[in-house]
Amino acid sequence: MTISTGQLARFADGSAVVQLGETTVMVTTVGKSLPPGSNNSFVPLVVDYRQKAAAAGRIPTNFLRKELGPSEREVLTSRMIDRSLRPLFRTGEICDTQIMCNLLAVDAKNDPDIAAMNGASAALFLSDIPWDGPIGAVRVGLVDSELIINPTRKELQGSSLNLVIAAADDDRVVMVDASASNISQQDFMKAVTFGTTEAQKVIAGLRRLQKLVGKPKREPLPAKVYQPRTPLAKSAPEIGVLDEVTVLPAEPTSIETVQARCAELAADQIRGIFTDPKFDKIGRDVAVTALRTATTDALKKEFPDFDSSKVGDIFSVLSKETFRNLIFDTNVRCDGRSLDDLRYIRCKTNIFKPLHGSALFERGQTQVLCTVTFDSLDSAWKADPASVIISGLKEKNFMLHYEFPPYATNETGRMSAFGRRELGHGALAEKALRAVIPSDFPFTIRLTSEVLESNGSSSMATICGGSLALMDAGVPISEPAAGVAVGLVTKYDATGKEITDYRILTDLLGIEDYLGDMDFKLAGTRHGITALQVDVKIPGLPLNIVMEAIEKGGDGRNRILDIMRDCLPAPREAKKDNAPVVEKLDIPPQKRSKFVGFGGYNLKKITASTGVQITQTDDAVYNLFAPNQAALDEAKQLITEILEEDSEPELQFGAVYSAKVAEVREGGIMVTLHSRQTPFFIPNSQLDSRKVGHANVLGFEVGHDVSVKYFGRDPATGRHRASRKVLVSIPSSAVKALS
C-alpha cells in the first residue's frame, strides 16, 4: 500500500491518495471551526464514499448514464469509515468536518474500502483539524487455516473469514466489522490480535509521513461540556418537586457552583429513577425528562447570569455519571439485572398462515417481526456491470431488509425508502444468516424484519427472529443462528488515557448503549461466529476487553439458542400448502420451437394461466417455478397438451416424400411434409444440381408439390433436412405421399 499527499486537491485541509495494487482512492477532508457557544457534544462528521463507473472503465447503465444516489455498498463503506474515525475526535475541539472518498481506479483484485479507510486517516492526521489519530485499517482473511492480511478478491472468495479492523496506537481496537463462515471463537480472537498488530505498521508509516508534511493542529476551542467535580448529594425531594430557590447576588457564577447545586437538586432523584426496576423504557424517559425540565428551570432562576445553554449539559453529565457509577458500585443495572443476565425472551413461529415463513422474536421491550418470501432465481438481486468490477459481487439470492418505523420508539417521523442506519443493521443481520443458508437453495429468499418495539439490540433480535422464520419456511439451514449485543462502561485514570476499571454488560438496553462506551454485536451458531460489529465511543479498546467481550457474547448467544430451540428445534420438513415448488423440464431440441411458440406465445400463455414462471437454464432444460404444487400440476398438464397435440408422424431417414411449398424465399423455399408440420427450410443449393440464384427460376410457387429426399434432423439445431437436388439426377419411383 502506498500513501501520498500534496499533489491533488491542495485547497482541502487534508488530502491523501492511497494505492493498493492498482486500486487508487483519493480522500479529502475539510473542517470548519464552530463558533463559540455552539453545541459540540455531538461530532458533526460527514463521510461520503463514492464509486465512479469510470474507475472501472465502464459507463453507468441507468437512463442518464451518470452516477446517481449512493448505492448500498457506498453507504456501508461510508459508515465503516465514520465508525473508525468518530471515537478519536476531541471533545470541545470539534470542527464541522466533511470527508470525501473518491474512487479513481480499481483493478478488480483489491477492494477499495481498506484504501479509503487508511486514506481518511491520513487526510485527517496530516491536516490541521484536531483529531487524536491516526488509525490503521487492515482486512484479515483465513485461507486453509492461514491468516492473510489484505487478501485479494480471489483469495477472499476462498476465505472463511472477512474481518476489517481499525486500530489506534498501543493496539487499541477502534472498529471491527466481520463476516465469517461459522469459524471458532479461538480462530476469531487470533485474527483480531493479528489484524491489530498489522494495523500498527500502517500507523507507523502515517507518523513518518506526518513528520515530513503534516500541518500543526488548530488552536482548541473553548470546551462546551463540563464534568462535575463535587460529590453527589445524599437526599433530595421527590421527582419533579424541587425546593424553593433564592436568587443570589449578581456576580459571576462559576461552573463548579452550578454543578454542585445541580447535584443537590437532582442527584438522588436520578439515582432513584435508575435503581427502580419497575420503570420501563417510556416511563424512565418520561421521569428523566420531567426531572431535567424542573432542574434546569430552577437553575436558570437561581443563576440568571449563568449561560443558560450550558445548564442542560450539566444535567446530562450528572445523569450519565450517576447511571455509570451505579453499575460500578452495585453491579446491578437499571432494570434490576446483573451484568450477565438476559432479558425475558419470548418467540413464536408460523404466525400468519398465508406467508411462506414468519416468526416473532421478543427480548424485553425489543420486538421484531420477521417474514420469509420465496421467489424464482430470476428474482435474485443483480449488480450492474460497473459494480461487479468494483465489488466483485454479481448477484445474490438471499436478501434481508430491515425496517425501523418511528412508532417502534414512540416517535413520529417520515418513512423513507432507506436510511444509513437501516442499511447498516440489515447488512449485519444478512451477513450473520447467509453463512447458515445452503448455497444451492433453489429459490431466491427475501427476509423482511420489521421492528415493532425497540429498546436496544434490534439488529440482533432480527438475526434471532430471522433464523426462526427461515426454519418455519423449511429452509434447510445448517444450524440456527442468534445474536446478542454487549456493552461496556469504563473508568479512566487522572490522565484520561488508561482504563482503570470496567464492566461488561450482556444484552444491551437502549439507555446502556446511549450512556455507555461500546456497542459490541456478536452473532453466530453454537459452534462459531458468523458476524461481528464493534462500535466504540472511547479512543479504542484494549485487546483484553475485546477478548472478554467475545467470550461474554458467545455465552449469551448460546443461552438464546437454548430458548429458540424450545420454540422450533429444526427446520420444518413438511411443506406448507402455499409453499412454492421448482422443477426442471427437459425438452428435446426438435420440440423446442413447438414448446416455446411463436414469439414465446406458449410460455406467456402458461404463465398467464397458472402463474408458473418458465426460464431456460440450458439448451434443452427449462426451470419451472410455481407458487404452489397445484399450479405446477396445471402447468405441466398444459405443457403435455402443447407437445402432444398436432404430433408429427415419424419420418424415415432416406425416404422420398411429397412436400408442399409454404413460402418462396431468395435463398430457398419453406416446405411442409404434412399439414400439421411446422415449415422447414431447403436452401437453393439443395434444389437443383445446377447453381440456382433464386428459387423462382425453377418455377416454384406457394402450394406447389415437390418431391424431396429426407435426411433426418440437424444434430446441432434439431431442424429437418431435405434435398430435391439428389432426385434430379437420380430418378426414383418410390415417392411417398403422407397426405
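From a predicted model like this one, the values you see are computed outputs, not experimental measurements. For reference, positions follow the sequence shown, starting with 1.
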Start with the C-alpha distance between N628 and L632, add both sets of side-chain angles, then the distance that settles side chain to side chain contact (heavy atoms under 4.5 Å, CB included), and finish with yes or no. CA-CA 7 Å; N628 50 59; L632 179 64; over 6 Å; no
Derivation of the salt bridge (Lys or Arg N to Asp or Glu O under 4.0 Å) call for R50 and E67: CA-CA 9 Å; R50 298 304 302 269; E67 285 79 9; over 6 Å; no
Could you go step by step and tell me if Q613 and D375 meet the side chain to side chain contact (heavy atoms under 4.5 Å, CB included) rule? CA-CA 10 Å; Q613 300 178 30; D375 208 331; 3.7 Å; yes
Do N162 and R139 pass the side chain to side chain donor-acceptor pair (under 3.5 Å) test, and can you show the C-alpha distance, the side-chain angles, and the key distance before you say yes or no? CA-CA 7 Å; N162 183 1; R139 172 176 271 110; 2.7 Å; yes
With salt bridge (Lys or Arg N to Asp or Glu O under 4.0 Å) as the criterion, how do K431 and D177 come out once you've worked through the C-alpha distance, each side chain's angles and the decisive distance to 0.1 Å? CA-CA 10 Å; K431 289 189 293 187; D177 197 289; 2.5 Å; yes
Let's go through R446 and H401 carefully: what are the C-alpha distance in whole Å and the side-chain angles of both, what is the deciding distance for side chain to side chain contact (heavy atoms under 4.5 Å, CB included) to 0.1 Å, and is it a yes or a no? CA-CA 8 Å; R446 182 181 185 236; H401 296 150; 2.8 Å; yes
Under the salt bridge (Lys or Arg N to Asp or Glu O under 4.0 Å) rule, what do D82 and R420 come out as? Steps first, then yes or no, please. CA-CA 12 Å; D82 184 296; R420 289 196 171 199; over 6 Å; no
Quick one: do R434 and T530 satisfy side chain to side chain contact (heavy atoms under 4.5 Å, CB included)? Show the steps, please. CA-CA 8 Å; R434 181 180 288 118; T530 58; over 6 Å; no
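Listed for the N578 side chain is a donor-acceptor partner under 3.5 Å among the backbone atoms of P354. The backbone N or O of T152 lies less than 3.5 Å from a partner atom in the side chain of E155, making a donor-acceptor pair. Checked by atom type and distance alone, the side chain of S376 never pairs as donor or acceptor with a backbone atom of F625 at under 3.5 Å. Side-chain atoms of S454 do not come within 3.5 Å of backbone N or O of T409 as any donor-acceptor pair. Side-chain N or O atoms of D618 include none that pairs as donor or acceptor with a backbone N or O of V621 at under 3.5 Å. Here the side chain of N62 pairs a donor or acceptor atom with the backbone of K66 at under 3.5 angstrom. Counting only distance, with no hydrogens or angles, the side chain of K217 and the backbone of S127 share a donor-acceptor pair below 3.5 Å. With hydrogens and angles disregarded, a donor-acceptor distance shorter than 3.5 Å links the side chain of H356 to the backbone of F374.
Pairs of residues two or more places apart, or lying in two chains, never qualify as ring pair (Phe, Tyr, Trp, His ring centres under 6.0 Å) while including a residue from residues 60-83. Evaluation of the side-chain hydrogen bond (donor to acceptor under 3.5 Å, both in side chains) test over residues 15-24, restricted to residues two or more places apart or in two chains, returns T23-D107.
Around NZ of K584, the count of heavy atoms belonging to other residues, nucleotides or ligands within 6.0 Å does not exceed 12. Annotation: Y514, atom OH; neighbour count of heavy atoms from other residues, nucleotides and ligands within 6.0 Å does not exceed 12. When the shell of 6.0 Å around NZ of K201 is examined, it contains 12 or fewer heavy atoms from other residues, nucleotides or ligands.
Atom CD of E198 is separated from atom CD1 of I165 by 11.0 Å, given to the nearest 0.5 angstrom. Atoms CG and CG, on D472 and L355 in that order, are 9.0 Å from each other to the nearest 0.5 Å. Considering CG of D535 and CZ of F520, their distance stands at 11.0 Å, rounded to 0.5 Å. Once rounded to the nearest 0.5 Å, the distance linking OG1 of T29 with CG of L124 reads 4.5 Å. Atoms CG and CE, from L541 and M175 in turn, are 12.5 Å apart once rounded to the nearest 0.5 Å. We find the CG-CG distance between L85 and D132 to be 12.5 Å, quoted to the nearest 0.5 Å.
Residues W131 and S121 form a side-chain contact, since some pair of their non-hydrogen atoms from C-beta on lies under 4.5 Å apart. Contact annotation: the side chain of T448 never approaches that of T373 to less than 4.5 Å [non-hydrogen atoms, C-beta and beyond]. Contact annotation: the side chain of L532 approaches that of V176 to within less than 4.5 Å [non-hydrogen atoms, C-beta and beyond]. At least one side-chain heavy atom of V173 sits less than 4.5 Å from a side-chain heavy atom of T196. Counting heavy atoms from C-beta on, the side chains of C95 and P130 come closer than 4.5 Å. Counting heavy atoms from C-beta on, the side chains of F194 and L163 never come closer than 4.5 Å. The side-chain heavy atoms of V372 and I445, taken from C-beta on, include a pair separated by under 4.5 Å.
By the 4.0 Å N-to-carboxylate-O rule, K537 lies too far from D519 to be salt-bridged with it. A salt bridge is defined here as a Lys NZ or Arg NE, NH1 or NH2 lying under 4.0 Å from an Asp or Glu carboxylate O, and K154 with D111 fails to meet this definition. Residues K32 and D13 are not paired through a salt bridge, judged by the lack of any N-O separation under 4.0 Å between the basic side chain and the carboxylate.
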Donor-acceptor contacts under 3.5 Å from residues 459-471 side chains, at least two apart:
unit_1, atom_1, unit_2, atom_2, d
T462, OG1, S449, OG, 2.8
T462, OG1, S458, O, 2.9
S467, OG, A481, N, 3.1

Using residues 597-606 as the side-chain source, report each donor-acceptor pair under 3.5 Å to any protein atom, sequence neighbours left out, with the distance given to one decimal.
unit_1, atom_1, unit_2, atom_2, d
N602, ND2, K594, O, 2.7
N602, ND2, F595, O, 3.4

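Among all heavy-atom pairs drawn from A180 and L161, the shortest one is CB-CD1, 3.9 Å. Closest non-hydrogen pair, A166 versus M117, comes out as CB-CE, 4.1 Å. Contact detail for G456 and T366: the closest heavy-atom pair is O-OG1, 2.7 Å. Closest heavy-atom contact between S379 and M399: O-CE, 4.2 Å. Considering every non-hydrogen atom in both A16 and G119, the closest pair reads CB-O, 3.9 Å. I135 approaches S84 most closely through the heavy-atom pair CD1-CB, 3.6 Å.
When each of L45, V47, V174, T97 is paired with R86, the side chain to side chain contact (heavy atoms under 4.5 Å, CB included) condition holds for L45 and for no other. Of the residues L20, V27, V18, L126, the one that meets the side chain to side chain contact (heavy atoms under 4.5 Å, CB included) test with I3 is V18.
Two rings, from F443 and F398, have their centers 6.0 Å or more apart.
Side-chain contact, R153 with N110: no donor N or O sits under 3.5 Å from an acceptor N or O.
With sequence neighbours left out, Y402 forms a ring pair (Phe, Tyr, Trp, His ring centres under 6.0 Å) with H425. Partners of I59 by side-chain contact (heavy atoms from CB on, under 4.5 Å), not counting sequence neighbours, listed by chain and number: R65.
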